[in-house]
Every structure is written in C-alpha cells, then in structure tokens.
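Data first, discussion second: the structure below is written as structure tokens.
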Amino acid sequence: MAEEVRAEMVANVWKIVAAEGDEVEDGDTLVILESMKMEIPVLAEVSGKVSRLAVAEGDVVQEGDLIAVIG
Amino acid sequence: MPLTETVAAPGIPAPAAPTPAAKPSREDDPRNPAKRLERLFDAGSCALLTPADDSGFLAATGLIDGTPAVAYASDATIQAGAMGATGCQVILTAYERALADGSPIIALFHSSGARLQEGVASLHAVGQVFAAMTRASGKIPQISVVLGPAAGGAAYGPALTDIVILGPAGRIFVTGPDVVRSVTGEDVDALRLGGPEPHGRRSGVVHVVADTDEAAYSSARKLAALLGNQGTLDAAAVQDRDLAHLLPASPKRAYDVHPLVNAVFDKSGVELHPKWAPNVVTALGRFGGRTVGVIANNPLRLGGCLDSASAEKAARFVRMCDAFGVPLIVLVDVPGYLPGVGQEWDGVVRRGAKLLHAFAECVVPRVTLVTRKTYGGAYIAMNSRALGATKVFAWPSAEVAVMGAVAAVRIIHRRKLAEVSDDIRPQMEQELAAEHEKVSGGVQRAIEIGVVDAVVEPGASRSAIAAAIAAAPGGLGGDALVRGQHGNIPL
C-alpha cells in the first residue's frame, strides 16, 4: 500500500535528499525542511520505492501538504 | 445510550471465533479469564480472589516479578464479557483488596459493555466501578490491558486507569460500527474506529500498542513492576556516559531524542504514547536502580516544539509520576510553542496551561537538563526554576532565552538593520546577536539570576542528575516516598 508522507508543520523545503525512483529504508531521510530556525529531516516510516516526490527545494509546505509517496 | 447499544459487540469479528462443531471447552478457550490471569502473573503465583462463576468477571492476586499485585479479567466466554451487577461487584472486590494492600491493579478487558438484560441496574453497577477507579486514582497504579473489544461502558473502564495497553485484537469505542452506521450513515469498521492506529496515533487513548497478546502482558508486567516496586536510588552506581555524541554536531539540525532518553536510563525504558504527540517523549525506566520518569522534547518531530497535544500528554505523565512518588528527569531542547491558527483553535492556551499546572503543583524530585536550547513560553513550561524544579542543569553551549539571539536582535534592532544594505546585514545581525547574548541570553546570565543552577558537561550529566535526585526529599525511594496528594484524572 502506498504510504503518503505529509508535512507536520509549516516549513520551507531546504534540501531534497531522496529522488523519485529511489529505494528507501524505514528511517531514511527524504527531504530536510527548515522551520523554527531548525533543519528538520523528514524520514521514511516504511521501506519501499519513492514513487512520487511532491516538493522542490525552496517550496513552502503547509501542515498536511504531501511531500512524498512511498510504494 | 452508548452503554447499552453495544452489548452484542456488533460488527466485531470475535477473534478466533470457535465454530459450533469444534467449540472448545471453556477450560481450553483462550478467552478463559483464569487462563488470562495466569498468563499475567509470575508462574504459579495466581490465587483466585473471587469464585469462577457466571458473573462475567474473575479477580485474583498474584506476583509480578515478585511484587504483589491484584488483577481482574472480564469473561468473554459469557455474553461477550458484558458487565452486569455481579461482575462489577468482582471488580469492586479487586479494588478493595488492591487498596488495602497498596498494590497495583491490572485489568484484562474484553467486554462488549453493560449487560443489556439487566437494564439500568447494569449501568448503575458500571458507574460504581468508575467511581471506585476514580477513588483509587493516584493511590495505587492502575493498568488496563485491552485484549478484545472494549465497548461502551467497557471503554471508559480502561480510559479511567493510569495506563492503557492495547493488544492486537483490542478495539476501544463508545459506539460500535453498526450503531455508527445506523445513526450517522458513516461506514467504518472496528479497526478504524478503535484499533491501534486511531488510539495509538490520533486519540491518545492508548499508551502502549502491543503487536501480540504476549507483548501486551509483558508491557503490563514491566509497568506494574516499575510503578509497584520503585526500588531505591543508588546514586554511586549511576555511571556517567558520553551523551554529547547522541546529538548532531550542528546545533540547527534536528535529531531523534530516543537514544538520549535511553542513555539517561540504566537501560531502555518503557515509552508511553510513542506515536501520539511524538514531539514530546514520555517514558518510565530505572535510573540507579530506582524508577524515574523522563520527559524529553523530540526535535525530530515538529522541531521539538510544544503544542497542545504534547503539553497535555506531558502534563498527564507529570501528574501520574507525582501521584506515585516517581522522580522526573526533564530533557529540554525546545524552540518554543508551535505557532499557528490550528494550535490556537486546538486550545494550546488551555491545554498548554495543564503542563504549567502539573509542574507547578508537583512535589516529587524533578531535575531539568537543558541540552541545546530553551526559549520563550516553552522554557517556563519545561520544568523551569520558577515552576519549582529541584535542580536545573545546562550543557555548556546551551541557550536559555526568550528567543534565539538573531531573532531577538531582528526585533530589537529592526530600524538599525533596515537602514543597512542587504550584503552587510547578516554580519551586523551576528555582531548584534553576540552582543545581545552577553546581556540577555547564554547560560552564564541564567546562572547569575539563579534560573540555572550549574553548567554540567554532557559526560557528567548522569551523575549530576543522580546526586540532585538523591539529595531531594523522596529521591532515594524505598519507604520515604514523597507523593502529590491528588488523583490522576485522564487529562
């Protein structure tokens, strides 16, 4: 089943770490957000293939916005 | 209405429902309450407190890791474990015994709610159980293990206890899927209504989600032992460990705080509410052999910000530990409260106030360690000196301030910064920030005004915390517990 990774809070997308098509493991960093003056990694919570990456560096995400889809 | 609507546990597939042809004898039925009680207690220690009959409940005494405890189980082989007047009397008997012994009480729930056949008499009896649970609250540890459906009245039983553990077949809801469908038209199954995902992540009803029944019993045993036999603190046995390497080199980088929490304990503790409000971690474990609670901001989630749910979660944990005399270690790395309309509408003011209240009334030893930063209102909430912290320690590079220095000078020196060109502004901000830190931020200033007691090196933190707890009233444990005189309302 596809696992959607969504933003927990308003943030800037600071760095993209994983690419579409990558195989990721549970705990791997997908992107790094910048919020509250901190760099906050967004981690995969399942293992699988990144089928979609919905953000680009410099984007602003709101709480609940889709970041990536795994599987 | 809900109490009676769910009697037949509609829509719930009975786990491993015996087919008529191969119906096991009650003796072999895995739902047999006597069997379940035996699995909970140390081998051979289970002694029945009430007769095995048709009441729908069975109570027993026994040992858990050698510590006396009382337990009761619903009998799901009779009317799906429904709660009637005689069954509720069994629970009251169990409570009387646990209160008299001062021992933990553990409930094994698998019940469809109040017995429909008994009408309002069963509701009255269930209400008496709730009242007994509330009277015992804060006096003896109460732990619930939900092994099957716990519906209607049987949902609020676990909810009134200190800790709720959910087994793989556990489903907790006020009204079952059939009632939801007929009343609201909403099509939802029992798993989505009251399974591990909703209660572990969304509602905060369940403290521990277990993948197997065995793991559920094991969690209950660990927690009963931690709360029922707190041990004594041997401060000299608390070895210092290299804690600094558990944090990233860059102070801006978020990290998972769990390795730090577990390194503060003697060995890994038991985390409560791991998936709900994960931006704060609450865990029970041993420290120098004595039970302590650890509360830690987790920067990996929401940057470690406090928000309405995490403040409420931490507040309930503080009050539970306070009621049972369990000292607290508070690991602080918090950028503030999470801003936003969602939070304000979610009651971050009201729910955040619970954490202030919980710490301010707390009488157990409670030691704060600021690892990286503590800002603003969250600084106050995370067991600050003003709220009565026993000791406040900070690592050498920690920041204690209203906000980060750069953010502060951007406000204080807004005009001055606006007048300079873009290319020299960042440098000017840094210079002003350094100047600002000298007068308002930084650990040194916090020590001067007495809100931080001492700077401790990461590698000397465990022993410093141990000495602080050992020196405080009730810190050593044993017979000299200091306990908050209040119940543990499920905040």
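Just so you know, these numbers use all the heavy atoms, side chains as well, and skip hydrogens, waters and symmetry mates. Numbers restart at 1 for each chain; the letters A, B, ... are given by sequence-line order, proteins then strands. Note that the structure is a prediction, hence the values are computed from the model and not measured.
For the pair A/Lys37 and B/Pro335, the minimum side-chain heavy-atom distance is 4.5 Å or more.
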Inset, instruction - Check step by step if side chain to side chain contact (heavy atoms under 4.5 Å, CB included) holds for B/Lys252 and A/Met38. - result: CA-CA 5 Å; B/Lys252 282 185 72 178; A/Met38 287 173 64; 5.7 Å; no
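B/Glu435 is linked by a salt bridge (charged side-chain N to carboxylate O under 4.0 Å, His left out) to B/Lys438, counting only residues two or more places apart in sequence or in another chain.
Within a 6.0 Å radius of CZ in B/Arg253, more than 12 heavy atoms belonging to other residues, nucleotides or ligands are found. At most 12 non-hydrogen atoms from other residues, nucleotides or ligands lie less than 6.0 angstrom from CZ of B/Arg202.
Interface remark: B/Pro339 contributes side-chain atoms only to the contact with chain A (heavy atom separation under 4.5 Å). At a 4.5 Å heavy-atom cutoff, the contact between A/Ile32 and chain B is made by side-chain atoms alone.
Among the residues in residues 296-304 of chain B, those with a non-hydrogen atom closer than 4.5 angstrom to a non-hydrogen atom of chain A are B/Pro299, B/Leu300, B/Arg301, B/Leu302, B/Gly303. Taking 4.5 Å as the heavy-atom cut-off, the residues of residues 43-68 of chain A that approach chain B are A/Leu43, A/Glu45, ordered by number. Of all residues in residues 369-383 of chain B, those placing a non-hydrogen atom less than 4.5 angstrom from a non-hydrogen atom of chain A are B/Arg372, B/Lys373.
When all heavy atoms of A/Met36 and B/Tyr337 are compared, the pair lying nearest together is CE-O, 4.0 Å.
Distance check: B/Asp307 CG to A/Met9 CE gives 9.0 Å after rounding to the nearest 0.5 Å.
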